[in-house]
Amino acid sequence: MTDAPTVAAGAPHEGETRRDFLLIATSAVGAVGTALAIWPLIHQMNPAADVLALSSTEVDLSPIEVGQSITVVWRGKPVFIRRRTAKEIARAKADDASDLPDPQPDSERVQKPEWLILVGVCTHLGCIPLGQRATEPRGDFGGWFCPCHGSHYDTSGRIRKGPAPENLAVPKYVFVTDTKIKIG
Amino acid sequence: MTSPTWNNPVVKWIEYRLPVFSFTQDHLIDYPTPKNLNYWWNFGSLAGITLTIMIVTGIVLAMHYTPHVDYAFESVERIMRDVNYGWLIRYVHMNGGSMFFAVVYIHIFRGLYYGSYKAPREMLWIIGIIILLTMMATAFLGYVLPWGQMSFWAATVITNMFSAFPLIGEPIVTWLWGGFSVDNPTLNRFFSLHYLLPFVIFALVFLHLWALHVHHSNNPLGIDTKGPQDTIPFHPYYTIKDLFGLGVFMLVFLGFVFFAPNFFVEPDNYIKANPMQTPTHIVPEWYLTPFYAILRAITFDIWFIPAKLIGVIAMFGSVLILVLVPWLDTSKVRSARYRPIYKQVYWFFLIDCIVLGWVGFNSPDAMFMGAVSFLRIGQVATAYYFLHLLVVLPVLGKLERPRSPPESISAAVTKDSDTVTEAA
Ligand code: HEM
Ligand code: FES
């Protein structure tokens, strides 16, 4: 198994290219094989099938009064459901025209203006903004206020002031009936 | 150093096959150490001992801890109330984390004062910074395990930092969580990794000491040892000195454990995690507050880069930049004793770091003495942090006129040291 016999076997150049080819081919197969073997070790950390299976929630809206908010759990996160007052809707529409850090008209953020449905997670670093209860601070724009680093959201859940870069996310939802939604 | 020859046949048999006896002799007993090390040199061995304490108490805690969202908090309370000496073991581990950082921070600032990071000890320094980073990761992961309110929200806020990166950010966060929020899969993997990383640190410390033993310790004069007249054997001189330091350290450490065991923790962490409610005031552990202050100091976009991303980059950058310190500091003289200006800016830098730590404790909107917001103080302190490292260090090395250090460690004491240093 020493180098000498093969290399000395008449055509040293041929032998060398053959070896180079074998070396490169072996390394390439080895590298691809290693990558394939590593992938399961990385992907196992992504959400598992049972976690993904839990990804929709139904909510009955009938007990919610005008001006009231409730918080439901969807995928382990709070979802804010606020039945907005006429004043809040008007304010959200009027604010369409102001200088928004993440511009989006109120009409694009709701399916029915009365029902504002948002993922209740601050887009800065993930705290839960205050403002669901009437007794909690709602910030300078009447929506929500995140106490962690001071982000203010308006009555459409749009970011208006503070370090958060984006509006509160609107989850995917459908009205199953007039008083029932399915989130996710 | 020539090792003694052993006569015991068992020792000889082993030594021939695996030279552990001569290794111990060379590296722990005869090991030549500068004879002028002061007490700031105790902190390396204290760090090593603290690491050992953390590993031992941690393994014991893991025998009683349950990494599940429904049981984690209760299992920790059970350790505190029912497990024999559980309260002691947990309090030692809990306060040990703070002690570990205190000791390592002093160890690092020792290095900064005496220029221990300069050639040929750059690798030693770089491995040290990697140790620091790994320690931070370990401490963060461990803090999540008791599953209190602070645990949960620290985990949420820190993992969310990765969402600052465009495109890859969200997938990374989901991958870290193993779900769509911090939840049971997250707790499980954090436990697994919290168990692993201290052993990685152990291996890194081994490399750190290997690099140390190639060029040996620096010393308060910052000059190379010139021969046997400059050194003394590690044992018994430094074993006894380290042991004395350990006694003093233990008084402080156990003082906290027995008399103020919750001094360093937030009371909110004795409330079980509630994913639906964020505590009004989230603060990290004291040893991470300086970096938290840097994260929050950035409230403005730069061009198209959002503030959130810059904050995250500044925070990680503030640690990673330390890797470059051996090259940022352009002065040839190691010890601050012979650098009249550096000696002063060193203290500014230390105070700046303490200010950052204090700002990190306070809400950014709060006002200091009614005059200036903590946000503003944090911004000034962050600017100075980077200014010191990126501008002051390189420029000072070129402009400052250092005094000449003595020719050798022994010369500094055999002649009148003052005349040597002053005359030169
Ligand atoms: C687990 C953490 C650490 C342990 C157990 C550890 C241990 C040690 C020990 C035992 C020494 C020799 C004794 C001494 O000079 O104090 C040493 C030296 C040193 N360490 Fe660390 N260390 C740790 C972390 C760090 C960190 C985070 C840094 C910062 C970058 C660092 C930088 C240095 C330097 C520059 C030296 C050489 C010091 C000199 O001789 O002047 N170490 N370390
Ligand atoms: S997490 Fe809401 S402002 Fe930072």
Side-chain angles (χ1 to χ4, degrees), chain A residues 39 41-57 70-80 101-102 119-133 136-137 139-140 144-152 159 161-166 169 171 183-184, chain B residues 69 152-164 166 169-186 188-189 192-193 274-283 292 295-301 305-312 363-366 373-375:
Chain A
W39 176 242
L41 296 175
I42 295 176
H43 193 47
Q44 54 82 21
M45 280 175 69
N46 273 320
D50 62 334
V51 176
L52 291 172
L54 293 175
S55 48
S56 79
T57 309
I70 64 158
T71 306
V72 297
V73 185
W74 172 62
R75 287 174 155 187
K77 293 184 215 226
V79 168
F80 293 165
D102 180 11
V119 176
V121 173
C122 179
T123 59
H124 182 228
L125 293 173
C127 290
I128 298 182
L130 298 172
Q132 282 297 83
R133 295 207 191 98
E136 288 173 353
D140 297 353
W144 288 267
F145 171 69
C146 181
C148 287
H149 319 93
S151 289
H152 300 250
I159 178 67
K161 193 175 141 193
E166 286 162 32
I183 308 172
Chain B
V69 288
F152 183 90
W153 292 101
T156 300
V157 168
I158 305 277
T159 48
N160 261 310
M161 284 176 191
F162 292 91
S163 71
E170 287 300 330
I172 290 181
V173 175
T174 307
W175 178 73
L176 289 172
W177 287 341
F180 303 102
S181 58
V182 172
D183 209 332
N184 202 45
T186 327
N188 266 293
R189 63 192 58 185
S192 169
L193 295 173
N274 178 358
M276 293 298 124
Q277 193 180 7
T278 311
T280 39
H281 188 47
I282 305 191
V283 276
Y292 195 53
L295 170 82
R296 296 189 305 187
I298 315 293
T299 49
F300 41 85
D301 300 353
I305 314 172
K308 178 171 153 185
L309 182 57
I310 305 171
V312 171
S363 155
D365 295 331
S373 71
F374 278 100
L375 173 65

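Letters go in sequence order (proteins before strands), and every chain restarts at 1. Note that the structure is a prediction, hence the values are computed from the model and not measured.
Considering all non-hydrogen atoms of both residues, A:N46 and B:T174 come closest at OD1-C, 4.3 Å. The minimum heavy-atom distance linking A:V51 with B:G179 is given by the pair CG1-CA, 3.9 Å.
If you measure heavy-atom distances from B:W175 to chain A, the contacts under 4.5 Å come from both the backbone and the side chain. In this structure, chain A has a heavy atom under 4.5 Å from the side chain of B:Y292, while its backbone stays farther away. Of the atoms belonging to B:L295, it is side-chain heavy atoms, and not backbone ones, that fall under 4.5 Å from chain A.
Although no hydrogens or angles enter the test, the distance criterion places no donor-acceptor pair under 3.5 Å between the side chain of A:K77 and the main chain of B:S181.
With respect to chain B, the highest number of heavy-atom pairs below 4.5 Å among A:P78, A:P147, A:P165 belongs to A:P78. Comparing A:P47, A:G150, A:A48 by heavy-atom pairs within less than 4.5 Å of chain B, the highest count is held by A:P47.
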With a cut-off of 3.5 Å and sequence neighbours excluded, list every side-chain donor-acceptor pair involving residues 121-133 of chain A.
from, atom 1, to, atom 2, distance (Å)
A:T123, OG1, A:E166, N, 3.2
A:T123, OG1, A:E166, O, 2.6
A:H124, ND1, A:H149, ND1, 3.0
A:Q132, OE1, A:W144, NE1, 3.0
A:Q132, NE2, A:I70, O, 2.9
A:Q132, NE2, A:T71, OG1, 3.0

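Atom CE of A:M45 is separated from atom CG of B:N188 by 11.5 Å, given to the nearest 0.5 angstrom.
Checked against side-chain hydrogen bond (donor to acceptor under 3.5 Å, both in side chains), B:D301 has no partners two or more places apart in sequence or in another chain.
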